[in-house]
Amino acid sequence: MSPKRISLSLFFVALAAFAVVLGYFFRQTAKRSAALRKEVNIIVYAPRSFIDPFGPGDQIKNDFEKQCDCTVEYVDMGGALAAIQKMKMDPKRRVDVVLGVDLLDLQNVFTSVKVETTQLPWTKFRPQIRPLVFPRFVPYDWSPMGFVYRQGEIKPFSSLAEFLKNAPARSVALEDPELSSTGLEWLYWIFQTQANSNEALKSLRRVTETVAPTWSTAYGLFKNKQAEVAFSYLTSLVYHWSVDKDLSYQFMPFKEGHPMQVEYAFVPDSCWSCEVGKQFVRYLLSPATQKLLAERNYMFPVVENVQLSEAFQKLPKVEVFGPERLQDFERQQDELIKKWNSF
Amino acid sequence: MEQFLRELNSVFAYSLAQALISSFLSVAIGLFGAFGVIGLRQGWQRQIGEMLLLLPGLFPALFIILSTLNLIMPWTKFPFGIEGVEIAHVLANFGVVAVVLGRALESKLGGVIEIAAVEGASKARTVWQCMRGLSAESTALFFFLFVVCFTSFSVPLVLGARTGATIEVLIYREMLKHAALLHAALLAIIEAAFVFCFSMMLRIGFSQDRPQPRFLRRVFLPQAMYLTLLVSVLIVAGSFHGLPAGVKMLMSSADLRADLFGRFLGSLFECAAVSVLTGAFFVAIFFLARRTFFDTILAGYIAPSLVLTGFVIYLLVPVEQLSTVARLAIISFGFAFLILPSLYRLRGRSMVKSLEGQLDIARIEGAGHWLVFRKVVWPQRIHDFMWICGIAALWASGDFAFATLLSGHDITLALTAQTLMGGYRLELATVVTWLSLLTGGAIFLLCRQLGQFFESETA
C-alpha cells in the first residue's frame, strides 16, 4: 500500500475514532442531563484524594444516592484552601457540602463563609475527637501527624527536640505552611512543643531538604527517595504496609506528642439542597462509610467500634495533643511563618 | 501594601534573573544540539529523535522535577531554589531549541555551507559561521523561552523554595492566602506589560528557504547528537520510574481500566479539538498575515496568568452545571487560545515572514485572500502547518494546569495522573501520564503523516 493510501486510511480511522468519542460523550451528556432533572441534587466540593479512582468518593456517592434518591456531584476545587477562597469571592455560588477542611483552617472558614448548623444523631466519637466536634463542622476522619521514614536510611529519634538537634542536614521534605494545611500542622507542632520556637524553626530549616507546596509533592519526593523523612500521617504506613507490602516505612513517635489532622465536612449557607447536604454529612459518620473512609482514604475513623484491618492495629500508639493552644497559635501564625521564611 | 511591594520587588528580580539564565542556557545547549539533530536521517529515526527531544518539555511538572532529581541526585543534593528551577527549565527546554534550530539549519544555511566547502573553510569555522547565521532564530527562541520561564508556575512552585518564586507563584500565594484579587490582577498586569515590552525590543522572526540537505553532513557534530539524545533519554528514562508497579496495579483492577477508558476518550477529544482549533486559528492568521498590528499583538501577547484565569473563570462559569462535552469544548478552546502566541512565536511567525515577498506580489497582482492561501501558503507551508497542529495536540495531552480550572473532576488522562500523584499512587500516575502522552503523540504523528500526504499531493 502506498504511503498516500496509508495516510488517507489513517485520516479516516482518526475521523471515525473522533466520531465514536463524540457519540460516547453525547450519550454521557444525555445520562447526566437526565440525572440533573431529578428533583434533588447536591454539589459537593471534595478534595482530590477523596474522588480519585481509588478514593472512597465513588462508593459513598453510589451508596448515598441509593438511599436518598438524589444525585451527588463532586467538584474538585483544587484543595480546601482554594475552595474557601473561591467561596469567599463568590459567596452566593451554589455549594451544598464542603469536604476536607482541616482543624487549623476552621477559624478561616468561620470568619469568611456562613455555615449552617448540622444536627447530629447521638454518635460515639473517639476520645481524641470528642473535644473537636462543633455544631457547624462535622469531623469525618483523622490521623496523627509526624515524621515518616524508611528503615535503614535514617536513625529514628524519640523526641522532636533531639530530632531537630541531631537529624542529618537536608533530610526532610516539608509542606509550605502558607499553602498547605499539613504545612500548618508542623508549624503548630513546633509552636505547641518547643519553648523557643525561633531556635526550633532555625534547626528545622537546617534539616529541611525542600518545602513543597502540597503534601502530595512533598510525599512524592520522599517516595522517590529524594528525602529521607517526610512530614506525613501516621496512617500513611497503612498504605505502604497493606498495598505496597513494604514494611520498611515507619513513623517516629515523639515523647512531646503529635499534632493531628482532622478533616471536617460542613454545609455552607449558599446551599440549595441544604437538608440533603446535611443528610450527606451525617451519612459520613455511619459505620459502613467510616470503614470505607479508613480503608480508602487511609485515615482513622472518628467514631468508635469500626472494624479496621490488621495494618491499622499494628500502627504505633502515639500521644496527640488537642486544640488547647489553637487560639494562641492562630494569633501568632503569621509571625511564625515570617520567621520561618526569614531563615 | 508595603510588604506586598517589597515581596514583588524581590520576586520580580528573581524571576528576571532566573528567566534570563534559563533561556540563555537552553538556547546555548539547544544550539549545540541542533548540529546533532541534523545528523538524524529523515523518516522514523528523525521522528523518534525529535520526539525524544520534545518529550521532556511535555511532562507534567512533577515528572520533569522527579526526572531532574533522578538525574542530579546520584551526584549531589539537588539545589532547591533558583538554581534548581534553572536546571529543570533548561532540561525541559533545550530539546525544543535543538529541534527548531536543527530545522532552521537545514532550511536556511545549505548555501552558506556549500560556499564554505568550496572555499575550503574548516569544519569548526563553518559551524561557527552557521551559529552566527542562526542568530535571528536563536534570539527569537531566547525570547520565546524567556516568556515561558518568566511566567513559569509549577516548576518554581515545587523547586523554587522561597528564592526561586516567580510572579505566577506570587499570584498563587496572594489568591490562596488572602483571595486578594486586586493584588493578583496588579501582578498579572505587571507581568504581561513586562513581557509585552520585551517583545517589542525583540521583534525578530525566522527566515526559511527551501531545504538544501546535501551539504549538511559537513557541519554535523556527532558529539552534539549523542550528548543531547543521551540527556533526553535520561530524562525520559527517569519518568519510567515505577512503571512496572503501575502497570501491575492497572492490570489488577477492571474498574480502573474502565474508568481510564472514559478519560482516554476525554484526552483524545481534547487533543483532537485543540489540534483542529489551532489549525483554524492559523488559517485565520494567514488570512490576516500582512497586518503589522496583528503581528505585534500576537508576538507580544502572553496568555493571562493561569492562576488568575482560574479564579476568574470560577467566578464567571458555573462549571459544576456544565456537561462533560461542554467542559471539554471550553477547555479545548481556552487551551488552544492560550498556546496560540507560543506556537506563533515558535513557528508561525517564521512561516508568515518566509512568504512575505510572495504574498506581497500575489496581492499586488490582485489575488484575493483565499486564492493567496490556496495557491501560495498551502502548497509551501502545509507541512509546517500540520506540525504546529500536531505540537498543539501534544501539548494538550500533557495539560492539567488549565484543564483542572474548568473540569470540576477528572475528565482526561492528564487530570487523572495529577490526581493519582496527589495520593500515594505515583507509580500508577506514571502509567497514566504515559498513556496521556501516547494519545497526544498519536495525534502528532497523524498530523505529520497528513502534512506529508498533503505536501506530496500539492507538489
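Hydrogens, waters and symmetry mates are skipped; everything else that's a heavy atom, side chains included, is used. These numbers come from a predicted model, not from an experiment. So that the names make sense, note that chain A is the first sequence line, chain B the second, and so on, each numbered from 1.
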Exercise for review: Sort B/L415 into side chain, backbone, both or neither according to what part of it lies under 4.5 angstrom from a heavy atom of chain A.
Suggested key: both
Check your understanding: Can you name the nearest heavy-atom pair linking B/M249 to A/Y239, along with the distance?
Key -> CE-OH, 3.6 Å
Exercise for review: Could you tell me which portion of B/T416 (side chain, backbone, both or neither) has an atom closer than 4.5 angstrom to a non-hydrogen atom of chain A?
Suggested key: side chain
**Study point:** Residue A/S112 versus chain B: region with a heavy atom under 4.5 Å
**Key:** neither
**Study point:** Winner by heavy-atom pair count (cut-off under 4.5 Å) against chain B, out of A/D244, A/L179, A/V243
**Key:** A/L179
Practice item. Nearest 0.5 Å please: distance from the CZ atom of A/R48 over to the OG1 atom of B/T404. Key: 4.0 Å
**Study point:** Rounded distance [0.5 Å steps], CG in B/D255 versus CZ in A/F54
**Key:** 10.0 Å
Review point. NZ of A/K202: more than 12 outside heavy atoms within 6.0 angstrom?
Key: no
Point to revise | Salt bridge A/D52-B/R425, side-chain N to carboxylate O under 4.0 Å | key: no
Point to revise | Gap separating the CD1 atom of A/I51 from the OG1 atom of B/T419, nearest 0.5 angstrom | key: 7.0 Å
Review point. Mind checking what makes side-chain hydrogen bond (donor to acceptor under 3.5 Å, both in side chains) contact with B/S332, not counting sequence neighbours?
Key: none
Exercise for review: Measure B/I443 against the heavy atoms of chain A and call it side chain, backbone, both or neither at under 4.5 Å.
Suggested key: neither
